[in-house]
There are 2 protein chains.
Amino acid sequence: MKRATIGDVAAHAGVSTATVSRVLNGGAVTATTAAKVWSAVAALEYSPNALTKSIFAGRSRTIGVVIRDLSSPFYLDLIRGIDEVATADDSLVMFANTFRDADREVAHVRTMDEHRVRGLIMTTGESADGRTRRMAESGVPCVIVARTVPDAPPGLHSISLNNIEAGRLMAAHLAACGRSAVGVVTSGRRPSQVERTLGLRLALAERGLPLPPEAVAVAESETGVGAAIDALFARAHERQAPVDAIVCATGRLTVAVHSALTARGLTVPDDIAFLTMDDFPWATALGITVVAQPSYEMGREAAKLVVEQPDESVALVFEPTLVPRTSCGER
Amino acid sequence: MKRATIGDVAAHAGVSTATVSRVLNGGAVTATTAAKVWSAVAALEYSPNALTKSIFAGRSRTIGVVIRDLSSPFYLDLIRGIDEVATADDSLVMFANTFRDADREVAHVRTMDEHRVRGLIMTTGESADGRTRRMAESGVPCVIVARTVPDAPPGLHSISLNNIEAGRLMAAHLAACGRSAVGVVTSGRRPSQVERTLGLRLALAERGLPLPPEAVAVAESETGVGAAIDALFARAHERQAPVDAIVCATGRLTVAVHSALTARGLTVPDDIAFLTMDDFPWATALGITVVAQPSYEMGREAAKLVVEQPDESVALVFEPTLVPRTSCGER
DNA sequence: TTGAAAGCGCTAACAC
DNA sequence: GTGTTAGCGCTTTCAA
């Protein structure tokens, strides 16, 4: 059964399409005509085509969201925050996952652009930056999450965490818990993680504690974590500097690192302290101390930048908080 | 800076809009004209308007997804599965969260319909069923997840778990682990949970084990879990039938129930066995035994129903699997 | 192979 | 108040 169009409604109600449009969008009409139109709408089960509407507006009422990896709890909360603001502004969220693949990233950003999203929020690498800049310049607000953008044009915003401070919080807490030999597991060269490690190293150094490059292990993905940890311990053994704390620089690897530790017979916190990024529902039950980001709030603010369209480029930096539990041997 | 339209490209290339359209969509054109058009496209940074395209197609290349509660791990995997199939079919996912609110549910389904999604996948209550039926009848495949639909018209499909079997698996496992007095925490009257409880009761009865109504506690949300458990234990105490196992009938409450147990000084599995629905990343580390759904696969199949548009109404039922760990005192 | 023109479903001027 | 008309950006006949 074919869908009714505004023309069908008009014919059924015995008025013009313009009048139907006015009734639907709140123009000046008589109560009687309005009634006729509404009953025609009901009779034909008319559902206005939002796509066509968007053509006139030039844009759709849709916020594009491109995420690298939905499985991280951080992104989950981020999306919920975005969805809340979008719904409040009568918008929908268009979502796509890139599975950390640069090609998909570019493709998805292009598709979002072609769908004339009213704004784009993404947690991607730099591969799509060219298009993003152009989108921003042509009036589509873009928000880069978890990364700052150099020389951002108006309309291109960023939302990130004070990662240096996150590292500092970790150092301070570990030191307060009496740990002196810290090892780090990071998933690579993403700026956020590099900065966290840097902040950690800085604040550790201020306390006379070292964080040599050998104490930093890189694991691209969950599967590489075991090997990375083994290598880390081996290097520590060679240097005769056993590690008494492991910091995980990304929430994505929390499970993997924690499992690797216990799989090696290590007890947290007695044998080794464990400290990671991003709070998650099970952290309390497990007693895992974390440095948390206000992920939900960050999602809300990202969506607000899209909805409110500030003239200038804005770079929002959120402050991390340490949530102490028991995994660092807290007293 | 205004966006270039197909007319601008045509003018720039010195051809008609029809020709540009043909070049873009692979019609019959000379190599030379194609080259001219492509260079015009590049020069003007032309990005075709997917919205306008959809008007002709009658539908957009977008799959709508309406979820009750993104925070459940089941839905996360479901979405990832949907996204994968959507991307492979050159589609985007339009997402909305209902926060378990019936009004939002109806509103979101309507908005999705107005956006002319090519199909709709949802995990909602019955409030939007009327519209869903109509959508299905007018050629928009709709897939209801986690619920079966009576008298479904062609185009209205359902994807669910064999919940009776899930309950049976739980009963068998608990019995094998030597537990005989089971208590259940469920979040309410959703059919899936009712069926799981029923399957559990049936299979328990076959083994001569009881599951009286008093042994089933209802907690609408996380916050109600503590009280529900207390009431459950109190009733068991009155009846002088202490409970030696707690079954959580929904993955959404796993954290809350587990926390409530440990908060009451109960050790799992020594004091009490714990068995819940839906696998999750931390389950291994925590040793929690679960009955898992193939959530990712279910998402893929749901999306396939949208993409492949079978003529008949199909009701896919997936089989649960028990993943034994240590929380039931397994040997 | 290419262009002119009609039309997708809707809104926005402009008359009446 | 209401209808007529033009047009949004694109595709698709139908001629040439």
Side-chain angles (χ1 to χ4, degrees), chain A residues 1-38 40-41 44-62 110-111 113-118 138-140, chain B residues 1-38 40-41 44-62 110-111 113-118 138-140:
Chain A
M1 190 183 67
K2 210 163 161 348
R3 264 166 193 279
T5 70
I6 199 172
D8 299 330
V9 176
H12 191 103
V15 297
S16 74
T17 61
T19 300
V20 176
S21 175
R22 275 185 283 253
V23 172
L24 261 32
N25 302 302
V29 275
T30 336
T32 41
T33 31
K36 279 193 296 186
V37 170
W38 283 121
V41 164
L44 301 176
E45 295 183 345
Y46 172 65
S47 156
N49 187 330
L51 264 24
T52 312
K53 280 185 172 173
S54 300
I55 292 188
F56 288 83
R59 309 244 118 248
S60 76
R61 296 200 69 81
T62 290
R110 193 193 57 229
T111 315
D113 188 18
E114 291 181 354
H115 276 79
R116 299 295 186 262
V117 292
R118 63 186 293 200
S138 68
V140 184
Chain B
M1 191 184 68
K2 212 164 160 345
R3 264 165 193 279
T5 71
I6 199 172
D8 299 330
V9 175
H12 191 102
V15 297
S16 73
T17 60
T19 300
V20 175
S21 175
R22 267 173 269 199
V23 172
L24 262 33
N25 302 302
V29 275
T30 337
T32 41
T33 30
K36 279 193 295 186
V37 169
W38 283 121
V41 165
L44 301 176
E45 293 182 347
Y46 173 65
S47 156
N49 187 330
L51 264 25
T52 312
K53 280 186 171 174
S54 301
I55 293 188
F56 287 83
R59 308 245 119 248
S60 76
R61 295 200 69 81
T62 290
R110 194 191 58 229
T111 314
D113 188 18
E114 292 181 354
H115 276 81
R116 299 295 186 265
V117 290
R118 61 186 294 199
S138 69
V140 184

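Just so we're on the same page: letters track the sequence lines, and every chain starts at 1.
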Nearest non-hydrogen partners of A/His12 and A/Ala40, listed with the distance:
CD2-CB, 3.6 Å

When the distance from CG of B/Leu51 to P of D/dG7 is rounded to whole Å, what number comes out?
22 Å

Can you find a side chain N or O atom of A/Asn49 that sits less than 4.0 Å from OP1 or OP2 on C/dC8?
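Checking C/dC8 against A/Asn49, no side-chain N or O comes under 4.0 Å of OP1 or OP2.
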
Using only side-chain N and O atoms of B/Thr17, determine if any of them is under 4.0 Å from OP1 or OP2 of C/dG3.
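For B/Thr17, the contact criterion (side-chain N or O under 4.0 Å from OP1 or OP2 of C/dG3) is not met.
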
Rounded to the nearest Å, what distance is computed from the CZ atom of residue A/Arg22 to the P atom of nucleotide C/dT11?
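It is 11 Å, rounded to the nearest whole Å.
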
Taking for A/Thr5 and for B/Thr33 the nucleotide of DNA chain C with the nearest heavy atom, the one nearer the 5' end belongs to B/Thr33

Kindly calculate the angle separating the two end axes of the helix from C/dT1-D/dA16 to C/dC16-D/dG1, each obtained from five base pairs, and round it to 10 degrees.
40°

Looking at D/dC10, I'd like to know if its phosphate oxygens (OP1 or OP2) sit under 4.0 Å from a side-chain N or O belonging to B/Ser21.
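So the side chain of B/Ser21 is outside the cut-off, no N or O lying under 4.0 Å from OP1 or OP2 of D/dC10.
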
Say whether A/Arg116 and A/Thr62, considering side chains only, have a donor N or O and an acceptor N or O under 3.5 Å apart.
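No, A/Thr62 and A/Arg116 have no side-chain donor paired with an acceptor closer than 3.5 Å.
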
Return the value, rounded to whole Å, for the distance between atom CZ of B/Arg59 and atom P of D/dC10.
21 Å

Look at B/Thr52 and D/dC8 and indicate whether a side-chain polar atom (N or O) is within less than 4.0 Å of OP1 or OP2.
no

From D/dC10, C/dT2, C/dA4, pick the nucleotide closest to the side chain of B/Ala18?
C/dA4

Length of the line joining B/His12:NE2 and D/dG9:C1', which is rounded to integer Å:
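Those two atoms, NE2 and C1', are 19 Å apart.
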
Only residue of A/Val20, A/Leu24, A/Val23, A/Val15 satisfying side chain to side chain contact (heavy atoms under 4.5 Å, CB included) with A/Val9 is A/Val20

Separation between OG (B/Ser60) and NE2 (A/His115), nearest 0.5 Å, reads 5.5 Å

In whole angstrom, what separates B/Ile55's CD1 from C/dT11's C1'?
12 Å

Nearest heavy-atom neighbours spanning B/Val140 and A/Arg3:
CG2-NH2, 4.0 Å

Can you name the closest pair of heavy atoms from B/Ala10 and B/Ser16 and give their distance?
CB-C, 3.7 Å

When you measure from the side-chain N and O atoms of B/Thr19 to the phosphate of C/dG3, is any distance below 4.0 Å, counting only OP1 and OP2?
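Yes.
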
Would you compute the distance between atom CG of A/Leu51 and atom CD1 of B/Ile55 and round it to the nearest 0.5 angstrom?
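Taking CG in A/Leu51 and CD1 in B/Ile55, the distance rounds to 6.5 Å.
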
Distance in angstrom units between A/Leu24 CG and C/dG9 C1', rounded
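One finds 12 Å between C1' of C/dG9 and CG of A/Leu24, rounded.
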
Comparing B/Gly14 and B/Arg116 on DNA chain C - which has the more 5′ nearest nucleotide
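First, find each residue's nearest nucleotide; the 5'-ward one identifies B/Gly14.
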
Is a donor-acceptor pair below 3.5 Å formed from side chain A/Arg3 to base C/dG9, judging by atom type as modelled?
no

Quick one: is C/dT2 close enough that its OP1 or OP2 comes under 4.0 Å of any side-chain N or O from B/Thr30?
yes

Could you tell me how far apart A/Ile6 (CD1) and D/dC8 (P) are, to the nearest whole angstrom?
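My rounded result for the distance is 18 Å.
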
Nearest 0.5 Å, what's the CG-OG1 distance between A/Leu44 and A/Thr5?
9.0 Å

Whole angstrom value for the distance that separates P of C/dC8 from CZ of A/Phe56:
13 Å

Side-chain N,O (B/Ser16) to OP1/OP2 (C/dG3) below 4.0 Å
yes

